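Worksheet: the structure to be examined is printed underneath.
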Amino acid sequence: MQIRRFDAIVVGAGGSGMRAALELARSNLKVAVLSKVFPTRSHTVAAQGGIAAPLANSTEDNWHWHMYDTVKGADYLGDQDAIEYMCRRAIECVVELEHMGMPFDRLENGKIYQRPFGGHTQDYGSAKMAMRSCAAADRTGHAMLHTLYQQNVRANTQFFVEWMALDVILDPQDGACVGVVALEMETGEISILQAKATLLATGGAGRIYWATTNAFINTGDGLGMVARAGLPLEDMEFWQFHPTGVAGAGILITEGVRGEGGYLLNKSGERFMERYAPNNKDLASRDVVSRAMTTEIKEGRGCGPHGDYLELKLSHLPPEDIIKRLPGIREIAIKFANADPIRDHIPVVPTVHYQMGGIPTNYMGQVVVPEGASKEAIVPGLYAAGECACVSVHGANRLGTNSLLDLLVFGKSSGEQVIKDMRGQPAPHRTLPKGAGDATRVRLARLDSASSGERVVDVLNDLRRTMQAHCGVFRFPDDLVSGVKKVTEIAERASRIFIADKSKVFNTARVEALELENLVETAMSTIISAEARKESRGAQARADFPGRDDKNWMKHTLWYKEGNRLDYKPVHQKPLSVETMEPKVRTY
Amino acid sequence: MKLSIYRYDPDKDQKPYMKDYEVALDAADRMLLDALVKAKAQDDSLSFRRSCREGVCGSDAININGKNGLACVTKIAELPDHVSVRPLPGLPVIRDLIVDMTQFFKQYHSIKPYVINTDPPPERERLQSPQERDELNGLYECILCACCSTACPSFWWNPDKFVGPAGLLQAYRFIADTRDQATAERLDNLEDPYRLFRCHSIMNCVDACPKNLNPTRAIGKIKEIMVRRAV
C-alpha cells in the first residue's frame, strides 16, 4: 500500500470541506482534499433557498433573534453555545462569501436580497417573519459551491478527485487519528493518506430512505468510517422530512416557494396550515409542516386519485416573480411533475432531506467522545464539519437556510482549529500503527474474491424500503421494534454481498458495495436510537409518547456500532455570552 | 425499453463494443438515468457517473442517440424505443460511459474562474444593482457538465488550445461581474488565434446545453469587447 503524507487532509469537497480547505490553503500547510466526485458535483449544489444571516437588509434583525429561532426550531436539543457561535459568525461568513464572488440576488439599494423562511421570525418568535435568507434565485447551493470551488482553484488547493475514503486510522495508544485509507477510483489502487489532522466533511446519508431529496452519493461514508473505528454517532434518530419533495420523484422544491408567498392546499382547496400553525402558517418549521401534511393525507384529505399528496400553490404570484426568483423549481416542476407553477399546483409530499445527527463535535470542529469521566474528550487529530457532523446546532430539527450557514461557519472554524492545533504542537508524523489499513484490505479482499452471495442492489433496496416504512414522519412502537429486527437482518445480509464486476478500472460496483456498508451503519444507528428515545421532539414524533419529555430526554443520544450500545450526554444549555433560552411549549 | 450502450473496460477489452440491454420500466421510471440504473442492476459492470439526479450537479452527461445531454433530465417518453448511449465525444474514455475530463477542467481553470478585486474588502457586502446582477444570469448557472464543449468541433480539433464554450461562458461571467477588476487581463488571456477565436459560431453548444444557456452569445460579447478595445 502506498503511503502519502500531508499535514492535513479534508475528506469531502462540498460546502464545509471546501470552506475548510480554503482556510487551510491560506496557511502554509500541506493539504489534500479527497472527494469521491468532482467538487462541484457535491450535494451542496442542490441547495436552493438561501443562507441565513441577520443582515437586516429588508427587515429589522439581529443574531439574538436568529439564535432564539434556531434554539426553538431545534426543539431545545441544540447546544446553545454552538448555536450562539454560529449565529454570531453568520454575517461575517456570508459577507466573505459575497466578497469571494457569490452571485447573490440584489435589492434596489445594491445589498444582498433576503427572503423569509420557515421558523425565522422577528422579536423572539413573533408572528412577523424575518427576511433572513440570503439568496441567489433558487440556486443558492449551486452558486455557493461553485464560488467556493473557484476560490480553491485560485488558492491552488490540491484535490484528489474521485478518491473515496474508506476508513480512518486511529492510533490504538491514545485513539488519535493519523489519516485515512482511500481508494483511487480510476485505478482501483488503495493508499494510506497519513496526516496530523483529518477533517471529515462527507455530508449526509439520506439514501437510507426510499423517498429522499438526497443525491446518489449521500451514503454517510464519514459516519460509516467513524462507526467502524469504534467512535459513537450522535442523535441519529433525528431525520428531517422536507415538506415539499415532488411526489413520486423526491426532488426538492425549496421552502423559498413558501417564503415568496406560496402555500399548501389539501383536496378541498383548504389552506390547512392555518389550522396547525395559526401564526406562521406555511412558514412554521419543517417538522411541524411535515406532520401536518402527513395528518392531512392520513385523514383522507390528500389530493389525487389515491389521496397521497398535497398541492403547493404559487400560481397567484406574478409570473415575472416566479421566473426571476424561482426559475430552478419551475424547471424541476415542469420536468418532474409536468406542472408549470405559473399555472399549475405542484404535487408534493414530505420527503427525507437532512440528517440532524452525526459525528459528535464541538463548535471548533473537534470530534468529542466519552472517555473516563468526560463525556466530551477530544479525539486528537480528528475533526468533522457540515452535515456529517453533529455540533449540535440543529438539535432535533433544522431550520431552512441554517444548513448552508452551518457549512460556512463550521467549515471555517474547523479549518482555523486545525491550523491552531498544528501550530500549537508542531510534531513530526507519528509512526503508523501496526496493521494500519489491514481491516480495509480484508473487506476489499472479500469483495474481490466472493463469487456469490447477496446482490448489492437487493440489500440496498430492502434497507431503504424498511427505513421508509419503519422510521418515518410519525413513529409507532411496533414498527420501531420490528424495524430494529429487520435492519439487523439486512446488516447481516450486507456482510455477504458480492459483486460480479472484478475490474480494477473505475469499478462503480465496488464503490456501491462500500457505500452500502456505510448506509447500513447509518440506518442501524438511526433505528436503534429512535426506538430507544421514548418521547416526541422535533423530527422524532412517536405515537406512543406524543409529548416532549425534558425531564428524562433533554439529552443527546450516542450510538456505538459495537453491540449497538447507547449512551447519552447532556445538552449544552448554556450559551457563550447570553442567558440560557429556557425550553417552552413550541408553537408556530 | 431497449438500450444499446457503449462498453469498454481497458482491463479486459481489446476494443469498445455496443451492448444491448432490455430494461423493464416501472411507472416511477421517468428519465433515462432511471433506465441506466435498471440496466446496472442487471449487469453491475456497467459504469457511469451520476449523483444529484435532478440536472444540477453535471455528473451524468452522455451522448444519447447522437446528442449530448444529461441522462437524469432526459425523459424516456420523449425518446424513441431504441436508444443508443455513448460517452461524451472527443474526450478519452476511462471506462464505458466515463470520460477523462482533465482537459475540459484545465481549460476552465485557464480563464481564472474567480472574481479578482484588489480593493480592500469592505466591512459589508460589495454593492451591485439588480440590473448589474442580472448581467450574470444565463452565465453563473453553468454546471460544468461538458455537454457543450464536447459537442463543439473546434474543441474536438484543439482541446488543448481552444478554451471551448464552457470555459468561455465562464470567462464572460467574470468579465460581466461589476465586482471584477481584471477585464483587461482576462481579454489579454484570450487574445490569440486559438483560445477564443477558434469559435466559428457553429452553435452546437447552444443546442447541447441542458440548462438552456447560450455560450455562443457570451463568446460574441467577448469578441465585441475585444474589438471595441482595439479601436
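All values below come from the heavy atoms of this structure, side chains included, with hydrogens, waters and symmetry mates left out. Since the model is a prediction, treat every value here as computed from it, not as a measurement. Numbers restart at 1 for each chain; the letters A, B, ... are given by sequence-line order, proteins then strands.
- Checked for salt-bridge contact, A/K324 and B/D134 meet the test: a charged N lies under 4.0 Å from a carboxylate O.
- Between chain B and the options A/G141, A/A500, A/A136, heavy-atom pairs under 4.5 Å are most frequent for A/A500.
- Between chain A and the residues B/D180, B/L136, B/I98, B/N117, the most heavy-atom pairs under 4.5 angstrom are made by B/I98.
- Neither the backbone nor the side chain of A/L148 comes within contact range of chain B, judged by heavy atoms closer than 4.5 Å.
- Counting heavy-atom pairs closer than 4.5 Å to chain B, the top-ranked of the candidates A/R455, A/Q151, A/E162 is A/E162.
- Among A/I332, A/N214, A/D458, the residue with the largest count of heavy-atom pairs under 4.5 Å with chain B is A/N214.
- The contact between B/P113 and chain A is made by backbone and side chain atoms together, counting heavy-atom distances below 4.5 Å.
- Few gaps surround CD on B/E22; more than 12 heavy atoms of other groups in view lie less than 6.0 Å from it.
- Neither the backbone nor the side chain of A/T147 comes within contact range of chain B, judged by heavy atoms closer than 4.5 Å.
- In this structure, the side chain of B/D11 engages the main chain of A/K504 through a donor-acceptor pair within 3.5 Å.
- Contact tally against chain A (heavy-atom pairs below 4.5 Å) for B/D44, B/L127, B/D34, B/V37: the top residue is B/D44.
- There is no contact between A/E96 and chain B, counting heavy-atom distances below 4.5 Å.
- When all heavy atoms of A/E98 and B/R126 are compared, the pair lying nearest together is OE1-N, 2.8 Å.
- Counting only heavy atoms from C-beta outward, the side chains of A/E108 and B/P130 approach each other to under 4.5 Å.
- Here the side chains of A/P103 and B/R173 are in contact, with some heavy-atom distance below 4.5 Å.
- At a 4.5 Å heavy-atom cutoff, the contact between B/L33 and chain A is made by side-chain atoms alone.
- When each of B/P121, B/C145, B/G55, B/G58 is scored by its heavy-atom pairs under 4.5 Å with chain A, the top score falls to B/G58.
- Contact count against chain B (heavy-atom pairs under 4.5 Å) is highest for A/L55 among A/L55, A/T40, A/V37.
- Looking at every heavy atom in both residues, B/I94 comes nearest to A/V505 through O-CG1, 3.8 Å.
- Residues A/T213 and B/R53 share a closest heavy-atom pair of O-NH1, 3.4 Å.
- You'll find the side chain of A/F506 stays beyond 4.5 Å of the side chain of B/D9, heavy atoms only.
- When each of A/K502, A/H43, A/E186 is scored by its heavy-atom pairs under 4.5 Å with chain B, the top score falls to A/E186.
- What you find for A/A46 and B/E54 is that their closest heavy atoms are CB-OE2, 4.2 Å.
- For B/N212, no part lies under 4.5 angstrom from a heavy atom of chain A.
- B/M31 and A/K335 get closest at one heavy-atom pair: CE-O, 3.5 Å.
- Looking at B/I143, the atoms closer than 4.5 Å to chain A (heavy atoms on both sides) sit in the backbone and in the side chain alike.
- Between A/F38 and B/F105, the angle of the ring planes stays under 30°, which puts this pair in the parallel group of the 30/60° scheme.
- Counting only N and O atoms by type, the side chains of A/T508 and B/K40 include a donor and acceptor under 3.5 Å apart.
- Heavy-atom distances place the side chain of A/N338, and not its backbone, under 4.5 Å from chain B.
- Heavy atoms closer than 4.5 Å to chain A are found in the backbone of B/F48, but not in its side chain.
- Interface check for chain B: of the options A/V153, A/N218, A/V456, the most heavy-atom pairs under 4.5 Å are formed by A/V153.
- Note: A/H146 and B/Y114 fail the aromatic proximity criterion, with ring centroids not under 6.0 Å apart.
- Contact annotation for B/K12: neither backbone nor side-chain heavy atoms come within less than 4.5 Å of a heavy atom of chain A.
- Under the 4.0 Å criterion applied to side-chain N and carboxylate O atoms, B/R95 and A/D501 are assigned as salt-bridge partners.
- Both the backbone and the side chain of B/S51 come within contact range of chain A, with heavy atoms under 4.5 Å apart.
- You'll find the side chain of A/D105 reaches within 4.5 Å of the side chain of B/R133, heavy atoms only.
- Contact check for B/Y140 versus A/M102: no side-chain heavy atoms found under the 4.5 Å cut-off.
- Few gaps surround CD on A/E320; more than 12 heavy atoms of other groups in view lie less than 6.0 Å from it.
- Under a cut-off of 6.0 angstrom, the local environment of NZ in B/K75 is crowded, with over 12 non-hydrogen atoms contributed by other residues, nucleotides or ligands.
- Interface remark: A/V45 contributes backbone and side-chain atoms alike to the contact with chain B (heavy atom separation under 4.5 Å).
- Within the 4.5 angstrom heavy-atom criterion, no atom of B/E132 approaches chain A.
- Between B/E125 and A/H99, the shortest heavy-atom distance links the atoms CA-NE2, 4.1 Å.
- With chain A as the partner, the residue from B/M101, B/K112, B/H109, B/R50 showing the most heavy-atom pairs under 4.5 Å is B/R50.
- Both the backbone and the side chain of B/L144 come within contact range of chain A, judged by heavy atoms closer than 4.5 Å.
- Chosen from B/C52, B/S129, B/S59, the residue pairing most often with chain A at heavy-atom distances under 4.5 Å is B/S59.
- The contact between A/I499 and chain B is made by backbone and side chain atoms together, counting heavy-atom distances below 4.5 Å.
- Annotation: side chain of A/I91 is in contact with side chain of B/R124 (closest heavy-atom distance under 4.5 Å).
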